[in-house]
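This one's a predicted model, so the numbers in the text were calculated from it and none came from an experiment. We're numbering straight along the sequence, starting at 1.
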Amino acid sequence: MLSAVLILVFAFFIVFFVPKYSTVPDDDEEEEIRKTPQMKKLWSLAQTAMKERKPLKAEKALLTILKFDEKNAAAYNRLGILYAKEKHYKEAIECFEIAQSLDNNASSLHNVGLIYFETGKYEKAAMAFSQAIDLEGDQPGRYIAYAKALEKLGERNKAIDALETAYSLNPSTVVLRHLLEIYENIEDFENVEITKHRIEELQIERAKLEEKAKRKALPLIQRRTKEEKTAAKAAKATAKAEKKATAAAKKAEKTAKTIAPRPTKMSPKTPLTATTARPVKKIAKKRKII
């Protein structure tokens, strides 16, 4: 009976007083996870995998990042780009919208607009592009995308205005050709000719700028070429002089060997000739030996 009571007391203590350990990390632990080298490694892995066109590997890395950092807008944006490339548009839009809710930026809105445009939802695309322009209105590419969506909706005048704004930010034949296409579609032949003339003028201006840049760079190129030629000529002259000096040294050595007297050995048995005996007699006579 006593043992049964003790067992009940022990069980009561276990249930109500022993703390329970959660497998879910708290906020401080999550913050530490974000700073770990493993997270940096995952980012690098995702980026490399996307460059190497390995979508599954990149997706796994990004999802692992989001598992520990659910408020990482950049990871959602990158994942949305990945899904868009794989034509998983529903998932891509979801990722971009989450990224936008976490960090209100023009890039996410523009990406959402591109997917809506790709899937034929031109009204939503135009709205997304317009919101992106409100946040970042100095990017000509956003106005071009907005103009394309407006044209699909039949709002050609607004599309023309958007393209003119894009041209004012960055004059280019790309923008003018978009304008030309719109004018041709609505059969506005007067503006067709005007736009063609604008394209020609811009091309001439660009050609002049390129020619000017070439002329500016030409003296430097010529100077470098002249220096390279001079250096090559000097190197050739040095090599020729060294070759000539080597040949002269060899010739001198050969001549020295030819002129140098060769030592002769006289055998003691060799009899004296008249030429050798005559000086000896003179010396002997002078010394009164003979």
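Distance check, rounded to the nearest 0.5 Å: OH of Y83 to OH of Y76 gives 10.0 Å. Between the OH atom in Y146 and the NZ atom in K158 there is a gap of 6.0 Å [rounded to 0.5 Å]. In this structure, CG in L135 is found 8.0 Å from CD in Q131, a value given to the nearest 0.5 Å. For the atom pair CD of E205 and CG of L202, the computed distance is 6.0 Å after rounding to the nearest 0.5 Å. R156 CZ to L150 CG: the interatomic distance, rounded to the nearest 0.5 Å, is 11.5 Å. With rounding to the nearest 0.5 Å, the separation of CG in N77 from CG in L82 is 11.5 Å.
Looking only at side-chain heavy atoms (C-beta outward), F129 and L109 stay at 4.5 Å or farther from each other. Residues Q139 and H110 fail the side-chain proximity criterion, which asks for heavy atoms closer than 4.5 Å. In this structure, the side chains of V175 and N170 stay at 4.5 Å or more apart for every pair of heavy atoms.
For the residue pair H197 and E193, no side-chain donor N or O sits within less than 3.5 Å of a side-chain acceptor on the partner.
Closest approach of I115 to A92, counting heavy atoms only: CD1-CB, 3.3 Å. Annotation for V112 and E97: closest pair CG2-N, 4.4 Å, computed over non-hydrogen atoms. Here the closest heavy-atom approach between residue L42 and residue A61 is recorded as O-CB, 3.8 Å. Across all non-hydrogen atoms, the minimal contact from A46 to A58 is O-CB, 3.8 Å. When all heavy atoms of K152 and F117 are compared, the closest pair comes out as CG-CE1, 3.9 Å. Residues N185 and E151 share a closest heavy-atom pair of ND2-OE2, 3.4 Å.
In this structure, the side chain of N72 engages the main chain of A75 through a donor-acceptor pair within 3.5 Å. At distances below 3.5 Å, at least one donor-acceptor pair connects side-chain atoms of S168 with backbone N or O atoms of T165. Checking side-chain atoms of Y143 against main-chain N and O of G137 turns up a donor-acceptor pair under 3.5 Å. Put simply, the side chain of N111 gets close to the backbone of S107: a donor and an acceptor are under 3.5 Å apart. Using modelled atom types, no side-chain atom of D103 and backbone atom of A99 make a donor-acceptor pair closer than 3.5 Å.
Here side-chain hydrogen bond (donor to acceptor under 3.5 Å, both in side chains) pairs that include residues 44-58, with residues two or more places apart or in two chains, are E52-K54.
The hydrophobic clustering, which links ILVMFWY residues whose side-chain heavy atoms are closer than 4.5 Å, places M50 and W43 together. Side-chain heavy atoms closer than 4.5 Å link hydrophobic residues (I, L, V, M, F, W, Y) into clusters, and following such links, possibly through other members, connects I199 to V192. With hydrophobic clusters built from ILVMFWY side chains whose heavy atoms lie under 4.5 angstrom apart, I194 does not share a cluster with I160. When the side chains of ILVMFWY residues are joined at heavy-atom separations under 4.5 Å, either directly or via intervening members, Y122 and M127 end up in two distinct hydrophobic clusters. A continuous path of ILVMFWY side-chain contacts below 4.5 Å connects I186 to L180, so both sit in one hydrophobic cluster.
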Problem set entry | salt bridge (Lys or Arg N to Asp or Glu O under 4.0 Å) between K214 and E210, intermediate numbers included | CA-CA 6 Å; K214 285 180 182 178; E210 288 176 4; 5.6 Å; no

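A salt bridge does not link E181 to R177: none of the charged nitrogens lies less than 4.0 Å from a carboxylate oxygen.
In this structure, E94 places its CD atom where only 12 or fewer heavy-atom neighbours from other residues, nucleotides or ligands lie under 6.0 Å away. The environment of E136 atom CD is dense: over 12 non-hydrogen atoms of other residues, nucleotides or ligands sit within 6.0 angstrom. Around atom CD of E118, no more than 12 heavy atoms belonging to other residues, nucleotides or ligands sit under 6.0 Å away. A 6.0 Å sphere centred on CG of D138 holds more than 12 heavy atoms belonging to other residues, nucleotides or ligands.
For the side-chain contact (heavy atoms from CB on, under 4.5 Å) with L79, the qualifying choice from L66, I65, I98 is L66, the only one to do so.
Both tests pass for R198 against the ring of Y167: distance under 6.0 Å to the centre and angle within 45° of the axis.
Taking K85 as the reference, I81 meet the side chain to side chain contact (heavy atoms under 4.5 Å, CB included) condition, with sequence neighbours excluded.
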